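First up is the structure itself, then whatever we jot down about it.
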Amino acid sequence: MGKLKLIIKREFLAKVKNKSFIILTLLSPLLMAGLFSLIIFLNEKNSEETRTIAFVDESHQLETVFTDSEHTKYVNLTALGLEMAKVKTKEFYYGLIYIPKNDSLINLSKGVAFYSEDTPSLSLLSDIESKLEKKIRNLKIEQLHVDVEKIKATETNVNIASENFSGEKSSKIGSLLRMAVGGGFGYLIFMFIIIYGTSVMRSVIEEKTSRIIEVIISSVKPFQLMLGKIIGNALAGILQFIIWMISAGFLMLLVTSIFGIETASSATSVGQMNPEIVQQVQQTSASELQLVLQEIKSLPILTMFFSFIIYFLGGYLIYSSIYAAIGAAVDSETDTQQFMMPVLMPLIIAIYVGFSVIENPHGPIALGFSLFPLTSPIVMLMRIPFGVPWWQIVTSMLLLIITFIAIVWFAAKIYRVGILMYGKKPSYKELYKWLKY
Amino acid sequence: MKNILTVENVCKNYGNFTALNNVSIAVPEGSIFGLLGPNGAGKTSLIRIINQITLPDSGTIYLGDEKLQPHHIQSIGYLPEERGLYKSMKVGEQVLYLAQLKGMSKTEAKKKLLYWFEKFEITDWWSKKIQELSKGMAQKVQFIVTVLHSPKLLIFDEPFSGFDPINANLIKDEILKLRDEGASIIFSTHRMESVEELCEYIALIDKSNKILDGKLNDIKQQFRTNQFEVGLLSDNKEVLFSEIETKFKVQKSKASINNDLRLLIDLKNGETSTDLINYLNNKSQITHFTEIIPSANDIFLKAVANNG
């Protein structure tokens with residue numbers, strides 16, 4: 001045990017003292033925060049820009065549609081005629097809306113054109129389209145001699161609040177929250193396995209190429225060395241993760257406190273464009289916030305926490321021992337390609353399946369992949385926020401532990417032989433032979 | 001004499017390949033034992049088994065009187081042929097780590113380490129990284145790693161490769177000193193002149209089999225060819241040569257400094273060196289007379305060729 005501790009300590013320190021580790025650990029939260037602020041900043045800049053759009057309305061029925069808003073101003077050039085208006089727009093304005101002369105309301109929507117120097121954004125076009133559609137619709141309603149206000153009163157907004165039989169409430173926001181939490185956890189494990197698995201592999205290759213391996217395994221068992229390496233790297237990863245979490249939280253706070261006020265004001269400016277939606281949001285936002293809090297409370301937090309730890313450990317140990325075996329089997333990192341694909345495959349499949357699973361968390365695909373031990377750490381974690389029967393969690397964990405033991409045993413065998421083999425690029429057949437040595 | 005290491009009937013196969021076929025050796029305590037053999041003969045396989053890096057398929061190994069056990073690694077120091085240390089780890093930290101893996105306590109390791117660093121005059125290397133050292137310097141560190149825990153049995157695989165003559169000599173003296181202090185040494189090498197110089201016992205392994213072992217002197221006796229080199233003063237060398245040719249199996253040797261006739265004479269069964277001296281003495285004045293003793297190199301080549 002003493003020796004294992006020594007190895008873990010060395011591997012941990014070797015990883016943590018590494019310059020690239022330090023830089024990555026300290027810099028990436030700053031980088032993320034910088035990127036985040038940049039996006040917010042550019043967004044603000046973008047929405048601050050105002051542009052003037054000219055229009056020629058030869059039908060004379062839609063002029064009232066074009067009222068100035070904060071970022072868009074309208075100029076009526078109907079008097080100039082289309083050709084003159086085009087020339088003037090090219091010189092002074094962003095673009096020109098042309099509505100041809102038309103007597104019947106039914107044909108009014110046809111032949112509307114937008115002229116501009118550069119291609120207009122989709123959102124601008126759809127904004128203009130919806131404005132025109134609404135106006136034409138209102139005109140048509142008036143033509144039918146129906147009160148527009150009465151029609152408005154019939155508009156309703158349905159928000160289904162679903163509830164399961166044991167009385168737990170669920171809602172669309174709740175499912176979204178579950179999707180986010182499950183997806184986040186699954187993705188976290190995926191990233192951690194790949195980053196730190198590769199790091200274990202590199203460390204094994206380094207020992208092999210620097211030839212220190214023979215000195216070390218004349219003092220300790222190869223299995224101790226492999227285990228120490230895996231654990232040491234995991235500890236370094238956990239440290240990095242904790243540092244990231246703390247600094248991310250801190251920087252988030254910093255960023256939002258700097259940009260906080262402005263984001264609030266931009267929200268109101270969006271509101272000005274669609275007053276009806278704002279009203280709805282204001283009505284529902286209070287109750288929905290409560291709902292979100294309620295949803296968070298109703299998540300199986302304890303189950304999530306413990307299963308995160310177990311699946312995280314199981315998944316990481318399984319994959320990093322495979323990575324260690326690969327590192328032992330090859331002479332250099334360039335030779336790892338042929339073995340990497342089959343290892344990455346189940347992980348990538350797990351992520352793809354996982355993101356479809358959160359849409360349908362209790363289907364047969366979800367069940368299958370959350371029991372299969374090479375994908376269960378990711379897929380099951382994504383399912384757990386939606387509530388998974390106990391027997392499924394227990395079965396999946398048992399399978400995970402059995403697989404873990406089997407894989408570590410196999411990996412240790414390949415590792416033991418591989419670390420002393422030089423100059424050969426091993427095939428799968430060769431690896432199979434090593435298992436029998 | 002007591003043996004520090006006894007290897008009995010060890011076999012090792014890798015798949016269909018036989019690395020060691022029923023090999024037995026005995027290393028007497030306090031001796032330097034040369035483990036010789038061509039490349040790929042199985043020396044490294046045997047050394048790895050002694051170090052418990054791999055296990056033999058069959059056969060037993062004893063360290064002293066005890067059967068080889070995991071805790072015995074503390075009593076063995078191993079310098080592999082392919083040297084290596086962690087490149088980005090500092091010298092001091094690294095040696096301490098490797099010593100602790102051998103079971104030493106940190107304080108004990110530190111004390112010993114200072115002793116060796118002072119001996120080699122490298123105390124200022126403590127916080128240098130291995131990658132900043134030259135190859136020879138790294139070799140010195142590796143030598144210290146091997147001997148730091150004062151093992152009873154030291155295994156050196158090509159210990160002099162990578163050293164300049166001065167440092168090779170320094171290491172050689174240290175090896176001899178360690179032997180005098182009671183350590184037993186297994187010494188695997190291709191450099192036959194160092195075998196001649198250092199080894200008291202040798203074992204020769206070729207194609208997975210041990211083909212020769214014993215005291216170096218005894219083996220030399222065994223490989224004597226009864227060939228003598230003689231020098232004779234003569235005015236008419238050709239006449240003398242043809243005269244001797246009728247009596248003995250003879251060939252000309254390389255020319256010598258004082259321009260005498262140098263001959264290599266093989267004695268047949270029943271002929272003794274006294275017969276030869278008496279005969280030559282009657283013919284001419286003898287300036288030179290030595291028995292050609294086979295060198296370790298000759299023995300090596302001959303034994304391997306015979307094993308064919």
Side-chain angles (χ1 to χ4, degrees), chain A residues 1-21 202-225 228-229 232 331 413 415-424 426 429-437, chain B residues 12-17 19 44-45 47-55 57 70-90 93-106 109 129-131 138 141-143 145-146 148-149 151 153 155 157:
Chain A
M1 265 330 259
K3 285 183 183 176
L4 184 61
K5 223 163 89 185
L6 275 172
I7 297 168
I8 292 172
K9 193 176 142 200
R10 196 211 83 86
E11 293 295 334
F12 175 77
L13 288 178
K15 180 86 195 160
V16 171
K17 280 184 183 172
N18 192 314
K19 277 198 191 80
S20 62
F21 178 87
R202 280 215 190 92
S203 161
V204 173
I205 293 175
E206 191 215 328
E207 266 168 11
K208 213 181 155 182
T209 48
S210 76
R211 311 258 173 176
I212 195 178
I213 190 73
E214 208 162 340
V215 175
I216 292 184
I217 56 168
S218 68
S219 310
V220 298
K221 288 203 188 73
F223 183 68
Q224 282 178 313
L225 181 62
K229 204 174 269 306
D331 277 353
K413 283 213 144 195
Y415 181 80
R416 207 187 49 165
V417 178
I419 44 178
L420 292 171
M421 290 278 184
Y422 288 101
K424 260 197 280 188
K429 211 175 130 198
E430 197 100 18
L431 292 185
Y432 176 68
K433 266 203 284 181
W434 291 3
L435 290 177
K436 295 188 290 186
Y437 281 177
Chain B
K12 178 77 186 172
N13 297 297
Y14 292 107
N16 294 326
F17 176 73
T44 308
S45 296
I47 289 174
R48 282 181 180 165
I49 286 171
I50 297 170
N51 274 304
Q52 304 181 63
I53 291 172
T54 48
L55 293 174
D57 296 341
H71 74 86
H72 282 142
I73 50 165
Q74 295 177 27
S75 316
I76 300 177
Y78 173 37
L79 182 74
E81 182 180 5
E82 298 281 0
R83 311 293 150 70
L85 295 164
Y86 288 113
K87 287 193 176 65
S88 52
M89 210 173 165
K90 284 173 182 158
E93 270 173 44
Q94 177 145 228
V95 181
L96 282 184
Y97 170 63
L98 293 171
Q100 280 173 283
L101 286 187
K102 278 282 186 192
M104 288 180 97
S105 77
K106 199 170 181 180
K129 286 181 180 173
I130 292 291
Q131 61 198 5
V141 176
Q142 189 119 36
F143 182 81
V145 169
T146 312
L148 195 75
H149 56 294
L153 177 65
I155 302 172
D157 202 345

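Quick note on labels: first sequence line is chain A, next is B, and so on, each numbered from 1. All of these numbers come straight from a predicted model, not from anything done at the bench.
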Exercise. R48(B) and E214(A): side chain to side chain contact (heavy atoms under 4.5 Å, CB included), yes or no, with the steps?
Worked result: CA-CA 9 Å; R48(B) 282 181 180 165; E214(A) 208 162 340; 3.1 Å; yes
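- Atom CD1 of I217(A) is separated from atom CD1 of I73(B) by 11.5 Å, given to the nearest 0.5 angstrom.
- The distance from atom CD1 of I213(A) to atom CD of E82(B), rounded to the nearest 0.5 Å, is 13.5 Å.
- Per-residue counts of heavy-atom pairs under 4.5 Å with chain B were compared for K221(A), K9(A), E207(A); the largest is that of E207(A).
- The side chain to side chain contact (heavy atoms under 4.5 Å, CB included) test with I212(A) singles out one residue from Q94(B), Q142(B), M89(B), and that residue is Q94(B).
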For this session: Quick one: do L101(B) and I7(A) satisfy side chain to side chain contact (heavy atoms under 4.5 Å, CB included)? Show the steps, please.
Result: CA-CA 8 Å; L101(B) 286 187; I7(A) 297 168; 4.1 Å; yes
Problem set entry | Residues L13(A), E93(B); criterion side chain to side chain contact (heavy atoms under 4.5 Å, CB included); working and verdict | CA-CA 11 Å; L13(A) 288 178; E93(B) 270 173 44; over 6 Å; no
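- The distance from atom CD of Q131(B) to atom OG of S210(A), rounded to the nearest 0.5 Å, is 11.0 Å.
- Contacts between Q74(B) and chain A at a heavy-atom distance below 4.5 Å are absent for every atom of the residue.
- Contact record, S219(A) with K102(B): OG-CE, 3.4 Å, taken as the closest heavy-atom pair.
- A distance of 7.0 Å separates CZ of R416(A) from CG of L55(B), quoted to the nearest 0.5 Å.
- Of the inter-residue distances, the one linking R10(A) atom CZ with L98(B) atom CG reads 8.5 Å to the nearest 0.5 angstrom.
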